[in-house]
Amino acid sequence: MSDIIKLKERARIVKAIRDFFDKLGFTEVETAVRIPAPAPEEHIDCPPCKDGGFLRASPELQMKKLLAEGMDKIYQIGPCFREGELGSRHNPEFTMIEWYRKDASYLDIKEDLKQLFLHLSLNTYPLSFRELTVREAYLKFAQWDPWESFDQDRFDFDMATKIEPALKEMGDPVFLMDYPPECASLARLSTRHSALGTYDVAERWEFYYDGMELANCFSELCDEAEQRRRFAKAKENRRALGESDYPLDEAFFKCLPEMGMASGVALGVDRLIVVLTGAKTIQEVRADV
């Protein structure tokens, strides 16, 4: 059930988000909610529409097309949908903010999010942010190295049962940095040199507060051939899992060379409001009546 006081606070927070991005020179955009072809991700199902198309799980593909057409700093706040997701941290319909910048990397977007979070917290919440690489996290908390022998099922299980509880214990907001290449559906790859050796990573981070994932960011892949290969693999995996197949968005593939270097992030607005208001569930901060 919704909490009226928290709904009023939600309105204040959403207005503050818009003020933040407007002052940074971003342009607010509004793209289609019903789309012809979602990104084929293994564990994300978009509700189909009776007269064709799907309700979006994210506006990502459509916003990247705008970057390719010449826009450079854009954001969007709006509804997204996922089938089969309902719980204290999930809702079949939810609100997302996504923002994208041309000529930027995931490190630039990380600074955006830090400043946004500080702007919204009004000094009520911790002002320190911690960083931990995915490889460090799995070696420390799960006692294995996903780069030595990647196992998607084990990776996902340990993320939920070992990594996220450990991040909750850390207290401060945490950026979990640099994912295995196998976890890079839409992200650029780069090479790291460290005491652990030389290895490739996906330029991706997720932002956690109190053990709850709030945001997911990529340095965006702009290689058409590589993106086609990754989507083909994702479609194959969906079929193997018995999940519905999605058509490919050819206009998205064709826009990638024009998009060039860019980075973007998806931030769950409902979850953010849960954190900022002290709510216990997403349903408390949504007006689903």
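Worth knowing before you read on, the calculation uses all heavy atoms, side chains too, and leaves out hydrogens, waters and symmetry mates.
For the salt bridge (charged side-chain N to carboxylate O under 4.0 Å, His left out) test with Arg238, the passing option among Glu243, Glu42, Glu41 is Glu243; the others fail. The ring-ring contact (aromatic ring centres under 6.0 Å, His included) with Phe175 is formed by just one residue from the set Tyr208, Trp205, Tyr106, Tyr209; it is Trp205.
Ionic pairing of Lys280 and Glu284 is not present here: no N-O contact between side-chain nitrogen and carboxylate oxygen is shorter than 4.0 angstrom.
Atom CD of Glu111 has more than 12 heavy atoms from other residues, nucleotides or ligands within 6.0 Å.
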**Item:** Criterion side-chain hydrogen bond (donor to acceptor under 3.5 Å, both in side chains) on Asp178 and Thr133, from CA distance to verdict
**Value:** CA-CA 6 Å; Asp178 295 342; Thr133 69; over 6 Å; no
**Item:** side-chain hydrogen bond (donor to acceptor under 3.5 Å, both in side chains) assessment of His43 paired with Arg82
**Value:** CA-CA 10 Å; His43 302 296; Arg82 293 182 185 179; over 6 Å; no
**Asked** Going through the checks in order, is the salt bridge (Lys or Arg N to Asp or Glu O under 4.0 Å) test met by Glu148 and Arg135?
**Response** CA-CA 10 Å; Glu148 292 294 333; Arg135 196 171 193 184; 3.7 Å; yes
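Under a hydrophobic-cluster definition in which Ile, Leu, Val, Met, Phe, Trp and Tyr are linked whenever side-chain heavy atoms come within less than 4.5 Å, directly or via other members, Trp99 and Val269 are assigned to the same cluster. A single hydrophobic cluster is seen to contain both Leu107 and Phe129, as judged by linkage of ILVMFWY side chains at heavy-atom distances under 4.5 Å, directly or through other members. Both Val275 and Val14 belong to a common hydrophobic cluster when Ile, Leu, Val, Met, Phe, Trp and Tyr are linked at side-chain heavy-atom distances under 4.5 angstrom. In the hydrophobic clustering of this structure, Leu186 does not group with Tyr179; members are Ile, Leu, Val, Met, Phe, Trp, Tyr whose side-chain heavy atoms approach within less than 4.5 Å, directly or through other members.
Between Phe117 and Phe207, the ring-plane angle classifies as perpendicular under the 30° and 60° cut-offs.
For the residue pair Glu203/Ser219, the side-chain donor-acceptor check at 3.5 Å is satisfied. With 3.5 Å as the limit, one finds a donor-acceptor pair spanning the side chains of Arg192 and Ser190. Asp223 and Gln227 form no side-chain donor-acceptor contact under 3.5 Å, judged by distance and modelled atom types alone. For the residue pair Arg10 and Thr95, a side-chain donor N or O sits within less than 3.5 Å of a side-chain acceptor on the partner. For the residue pair Asp158/Trp144, the side-chain donor-acceptor check at 3.5 Å is satisfied. Side-chain contact of Glu220 with Tyr100: a donor-acceptor pair under 3.5 Å is absent, judged by distance alone.
The ring of Phe81 has its center no closer than 6.0 angstrom to the ring center of Phe94. In this structure, Phe20 has its ring center no closer than 6.0 Å to that of Phe26.
A heavy-atom distance below 4.5 Å is not found between the side chains of Leu139 and Trp147. Side-chain atoms of Leu267 and Leu272, non-hydrogen and from C-beta on, do get closer than 4.5 Å to each other.
No donor-acceptor pair closer than 3.5 Å links the side chain of Arg204 to the backbone N or O of Pro180.
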